[in-house]
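Reading through the structure tokens given below for one structure.
All heavy atoms count here, side chains included; hydrogens, waters and symmetry mates do not. Along the sequence shown, the residues carry numbers beginning at 1.
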Amino acid sequence: MYSAYVMLRVLSVTELVWSLDMEVMLEKQLTGHRVDRSICAWFWDQVISQGDSFKLVPVIASPTHYIFQVGREGITFLACTQVEMPPLMGIEFLCRVADVLSDYLGGLNEDVIKDNFVIVYELLDEMIDNGFPLTTEANILREMIAPPNIVSKMLSVVTGNSSNVSTTLPSATASCVPWRTTDLKHSSNEVYVDLVEEMDATINRDGALVKCEIYGEVQVNSHLSGLPDLTLSFANPSILNDVRFHPCVRFRPWESDQLLSFVPPDGQFKLMSYRVKKLKSTPIYVKPQITSDCGTCRVNVMVGMRNDPGKTIDSITVEFQLPPCVLSADLTSNHGTVNILANKTCSWLIGRIPKDKAPSMSGTLLLETGLERLHISPTFQVGFRIMGVALSGLQIDKLDLKNLPNRPYKGFRALTRAGEFEVRS
């Protein structure tokens, strides 16, 4: 069982910690005696004692409790239990808290959380009750707690009432479909399905492909009246690995026929995520050449198209970190712009690859006095975007809709972008 508090820590110079239960002091240790130190204090002692080298693990065992942590956008979410429990339950709950806060506040950062402290507290109070996860569906929470906006902030200032909690319980809490509001009505019924994929690749200094895989999501934007029943099928579902579903998906149709059968939430949501492993090629190549002698280093980087995906590859970027021993850099390119940032990051913005020439960047790096050669080989981070193509090869076969008053509009799109795409030199 969860202890009755969840903490949020903003990882910055000023630390910000909240607790759902104001009595965060531990009442007893295993011996039954009262102690004066809290789990919060014990956790921060561990962080401070390790300094910058401290790496948080998902589950931390303290003398009397188990602490679960999830990091999102520089913020650490913590929860603790007094007894052993399935660790994925605690981690999944914290992930749901992070998703709900990001959806409500339009992102996660220190300033946004400070400005909406009351709403954050109210959301946490509804999501966990007496140490147990309770209401975690965003649609129900939106009916219970109004999202922040300018009008609500002005009213709270004028009236002095800062509470956003509704006085009535949403009808969906008693429904067999808790993620969907009852009696929904839309003037135009429409549903859009997006395949959004990220390619993770590692290429060694010899140009050989060490790893190449796709992490993908099926994102749905649904505006359908009533209680629709949808079935989504793929032309080649056998290529999918490590699938993860939204709670609305019925597992048995997927297990037997690999069909996604579900009653969708209203609005945008992630229907499923997946991986496609062991891909054999990438859409573009990056060939870095670095030679150094007599205190200077010569850099030459070429970028080109390896396989034509059938759609335009745009938003191509190449970044690498200059080693600390580099005093200055003089880099130019025949296409795009090259910028040296204050943190010694070299950013090459290419955009699209022209048809008449291959983009290349070249120049020299000046090393520290007394250093003849560059002993640290930088790693190049590559970014790109391809609209209208799913590089994994996954194809949507059809989308069937039932229980609708009239014929809806259906739309399908695909997008592939670079994830952790690294080229070693």
Query raised in the report: Stepwise, does the side-chain hydrogen bond (donor to acceptor under 3.5 Å, both in side chains) test hold for N300 with S362?
Result: CA-CA 4 Å; N300 184 38; S362 60; 4.8 Å; no

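- The CG atom of L141 sits 9.0 Å away from atom CG of L134, with the distance rounded to the nearest 0.5 Å.
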Report task. Step by step, work out the side chain to side chain contact (heavy atoms under 4.5 Å, CB included) result for L394 and F234. Result -> CA-CA 7 Å; L394 183 65; F234 300 103; 3.8 Å; yes

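- A heavy-atom distance below 4.5 Å is found between the side chains of V218 and L232.
- Evaluation of the salt bridge (charged side-chain N to carboxylate O under 4.0 Å, His left out) rule for K270 yields E217 as partners, not counting sequence neighbours.
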Report task. Start with the C-alpha gap between T345 and Q321, add the side-chain angles, then the distance that decides, and say whether side-chain hydrogen bond (donor to acceptor under 3.5 Å, both in side chains) holds. Result -> CA-CA 5 Å; T345 298; Q321 186 74 32; 2.8 Å; yes

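- A heavy-atom distance below 4.5 Å is not found between the side chains of P253 and T231.
- Here D314 pairs with R385 under the salt bridge (charged side-chain N to carboxylate O under 4.0 Å, His left out) rule; sequence neighbours left out.
- Contact check on K278 versus E213 returns no salt bridge, with no Lys/Arg side-chain nitrogen under 4.0 Å from an Asp/Glu carboxylate oxygen.
- Taking CG of L374 as the reference point, atom CD1 of I376 lies at 7.0 Å (rounded to 0.5 Å).
- Between N403 and D229, the closest side-chain pair of non-hydrogen atoms falls below 4.5 Å.
- Cation-pi check for K410 over F412 is not met; the charged atom does not lie both under 6.0 angstrom from the ring centroid and within 45 degrees of its normal.
- In this structure, the separation between CD1 on I214 and CD on E198 is 9.0 Å, given to the nearest 0.5 Å.
- No side-chain donor from either of E422 and T379 sits under 3.5 Å from a side-chain acceptor of the other.
- Atoms CG and CG, from L399 and L260 in turn, are 10.0 Å apart once rounded to the nearest 0.5 Å.
- Atom CG of D330 and atom CG of L365 lie 9.5 Å apart (nearest 0.5 Å).
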Report task. Step by step, work out the side-chain hydrogen bond (donor to acceptor under 3.5 Å, both in side chains) result for T291 and R298. Result -> CA-CA 5 Å; T291 57; R298 183 72 181 175; over 6 Å; no

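- Using a 4.0 Å cut-off between charged side-chain N and carboxylate O, D200 and K277 make no salt bridge.
- With contacts defined as side-chain heavy-atom distances shorter than 4.5 Å, the pair L327/E368 qualifies.
- Side-chain contact between P87 and F68: present, with at least one pair of heavy atoms (C-beta onward) separated by less than 4.5 Å.
- A salt bridge between E92 and R244 is present, with a side-chain N of the basic residue lying under 4.0 Å from a carboxylate O of the acidic one.
- The neighbour count for Q258 CD, taken as heavy atoms of other residues, nucleotides or ligands under 6.0 Å away, is above 12.
- We find the CG-CD1 distance between L322 and I340 to be 5.5 Å, quoted to the nearest 0.5 Å.
- Between F384 and the choices I350, I353, I313, T282, the side-chain contact (heavy atoms from CB on, under 4.5 Å) rule is met once, by I313.
- Under the 4.5 Å side-chain criterion, counting only non-hydrogen atoms from C-beta, P247 is in contact with E137.
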Report task. Test side-chain hydrogen bond (donor to acceptor under 3.5 Å, both in side chains) on E190 and Y192 and set out the steps. Result -> CA-CA 7 Å; E190 52 191 15; Y192 302 94; 3.1 Å; yes

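- T136 is linked by a side chain to side chain donor-acceptor pair (under 3.5 Å) to R96, counting only residues two or more places apart in sequence or in another chain.
- For the residue pair E197 / Y274, a side-chain donor-acceptor distance below 3.5 Å is found, with atom types taken as modelled.
- Between the side chains of S347 and N339, no donor-acceptor pair of N or O atoms lies under 3.5 Å.
- A perpendicular orientation is assigned to the rings of F262 and F269, their planes being inclined by more than 60° (bins at 30° and 60°).
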